[in-house]
Amino acid sequence: MLDVERIRRDFPILEQGYIYLDSAASSLTPEPVVNKIVEFYHEYRANVERGVHRWSQRASEEYERAHEEVARFIGAPGAENVAMVKNTTEAINLVANALDWSKEDRVVTSVIEHHSNFITWLRVRQRYGVGLKVVRSSEEGVFDLGEWEKAVDDSTKLVAVTHVSNVLGCIVPVKEIAEIAHEHGALVLVDGAQGVPHIPVDVTDMGVDYLAFSGHKMLGPTGSGGLYIADQVLEETEPLCIGGGTIADVSIDDYALAVPPMRFEAGTPSIAQVIGLGEACRYLTRVGMKEVEAWDKRLANRLLDGLTELEGVEVYGPQDPEMRVGLATFNVDGMNPHDVALTLDEEYGIATRSGHHCALPLMKELFGLREGNVRASTYLYNTLEEVDRLVSAVEEISKG
Ligand SMILES: Cc1ncc(COP(=O)(O)O)c(C=O)c1O
C-alpha cells in the first residue's frame, strides 16, 4: 500500500495545511521533479539538438531520455511514438489538423467529452463538412457498447473518446470502443487527460492510434503534455507546425521532414517542461501506478460514501467506486456551486473547482445544469482525513 505520509514529504507546498482537492485541473509537483527542472537551469541551460557544445549535448540527452521515460510509462514502443506538446488540448488539435478530411468522412465522439475533445470536432465539421455523431451515455456516464456499434460505420474516419470523464469520474471502456472502431477501419483517439495520471495505461494493450495527455495533471510542470502516435499512423500524421528542428533536408523548392518525434516539435521546444515530465513519469513509476490506482480507489470510496450520505447534496457519476477515479462532482440544494467552492476555500481551507468544468454538452444534455457543480478531485498525496474534512465541511454548508 502506498505510504501517503512518505509521499507528502515530497510536496512541501502541503505544509501550508491547505487541502488541495483540485488535482483534476492541475496536480501538485513533487520536489524531485522541481529539482530536475532547477538542475536544467543551474547546470546545462542550453538549446537541444542544435549545438555541439557540452551544455547543449547534455540538454539533448536529458530531453531525449524524457521522451523514452514517457514512452515507457504509457507502454509505447519507443520515443518516436511520443510527441511532446504543451497539453491535451494541443495534442487533440494536432490530430484534428493532421488528418486529410473529406466530406464523406465521419467523426464519432461522446456527450461526456471535455470541450477540448468536442469543439475540436465541431470545427472539423464546420471546416470540412465532415459528419459528426455524438454517442449518449446514461447519467452515470455508463455507455451501452451497442450504441457505439450503431454509431460507428465504414465511413467513420476517427473515434475520439475520453478515458475518464472529468465531471463524472467514470472510466470508459476505451479498449472495447477501439475494437469496434478498428473493425470499421476507423482511427481511435483517446483523451487520456484524466486517465493517464490515475490508471496504469498501456497503449499497445488499449489498441489506440492516438493518446493525448497533460503532464501538468500527472505531477509534471505546467506547459507539459504528450501525444502518443501509434506506428501505423506515424507517417500519415502531419505535424501541427513545421520549421526549425522538424526537417531532414530543405532545398529551394522542397523539404523532407525529420524522423518522429522531432518532426512534431517545431522550433525550440519546452525543454525544462519536457525534462520535468520525464522525471514525473520516473516518480510515478517508482511509487508504482498500481499503488496509485489502489489509493485512488480508497479515496474515491471515501469521497463517494461520505458525500452520498449527506442530505441535500446531489452527487453525480456512477455509484460504484470501481467504475471511477478519485473525483466527485456534487451540488448542495439551493446553492450556487461557485458559492459552495468559495466557502470551502475561505472558511475551510479546501480547494475545489466549480462550474461546468469545460463540459457544457454533458452538463446541459445529462443534467440541465447551467451553473455546473462542484468538483473535488484527489491524487496520491491526499489523505483519507482530508476527504473526511471535505465531507464534514459540505455537511455544515448544506445545513446552512
Ligand atoms: C478529460 C479532459 N480532457 C482534456 C482536458 C484539457 O487539458 P489541458 O487543459 O491540459 O489541455 C482536460 C482538462 O481538465 C480534461 O479533464
Going by side chain to side chain donor-acceptor pair (under 3.5 Å), name the residues that satisfy it together with Arg298, two or more places apart in sequence or in a different chain. none

Checking [Y] against [X]: is there a side-chain donor and acceptor pair closer than 3.5 Å?
| X | Y | value |
| --- | --- | --- |
| Tyr210 | Thr237 | yes |
| Asp209 | Tyr228 | no |
| Gln57 | Ser60 | no |
| His216 | Ser224 | no |
| Thr88 | Ser214 | yes |
| Asn166 | His357 | no |

Going by side-chain contact (heavy atoms from CB on, under 4.5 Å), Phe330 matches just one of Asn373, Val374, Leu304. Which one? Val374

May I ask you to say whether [X] pairs ionically with [Y], meaning some side-chain N is under 4.0 Å from a carboxylate O?
| X | Y | answer |
| --- | --- | --- |
| Glu62 | Arg58 | yes |
| Arg136 | Glu365 | yes |
| Glu386 | Arg389 | no |
| Glu104 | Lys157 | no |
| Arg8 | Glu15 | no |

So, using ring-ring contact (aromatic ring centres under 6.0 Å, His included) as the criterion, who are the partners of Tyr348 when residues are at least two apart?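 For Tyr348 there are no ring-ring contact (aromatic ring centres under 6.0 Å, His included) partners, ignoring immediate neighbours.
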
Does [X] reach the side chain of [Y], with side-chain heavy atoms less than 4.5 Å apart?
| X | Y | answer |
| --- | --- | --- |
| Val167 | Leu366 | no |
| Asp296 | Leu380 | no |
| Arg45 | Phe40 | yes |
| Asp10 | Tyr381 | no |

Looking only at heavy atoms, what is the nearest atom pair of [X] and [Y], with distance?
| X | Y | result |
| --- | --- | --- |
| Val188 | Ala181 | CG2-CB, 3.4 Å |
| Pro337 | Asn331 | CB-OD1, 3.7 Å |
| Val161 | Asn117 | N-ND2, 3.6 Å |

Hydrophobic cluster membership, Leu187 vs Phe213, 4.5 Å side-chain cutoff: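 Same cluster: Leu187 reaches Phe213 through Ile, Leu, Val, Met, Phe, Trp or Tyr contacts under 4.5 Å.
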
Single-linkage hydrophobic cluster Leu21~Leu384, side-chain heavy atoms < 4.5 angstrom: yes

Go through the steps for Gln319 and Thr308 under the test side chain to side chain contact (heavy atoms under 4.5 Å, CB included), then give the verdict. CA-CA 9 Å; Gln319 298 299 310; Thr308 41; 3.9 Å; yes

Aromatic rings Phe11 and Tyr283: how do their planes relate, parallel, tilted or perpendicular, breaks at 30° and 60°? perpendicular

In terms of relative ring orientation, are His115 and His356 parallel, tilted or perpendicular, with 30° and 60° separating the classes?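 His115 vs His356 ring planes: tilted.
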
Mark yes when over 12 heavy atoms from residues, nucleotides or ligands other than Arg370 sit less than 6.0 Å from its CZ; otherwise mark no. no

Exercise answer: donor-acceptor pairs, residues 258-277 side-chain atoms, under 3.5 Å, sequence neighbours excluded:
residue	atom	partner	partner atom	Å
Arg263	NE	Ala258	O	2.8
Arg263	NH2	Ala258	O	3.2
Glu265	OE1	Tyr63	OH	2.5
Glu265	OE1	His67	NE2	3.3
Glu265	OE2	His67	NE2	2.8
Glu265	OE2	Met84	N	2.7
Thr268	OG1	Asn47	ND2	2.9

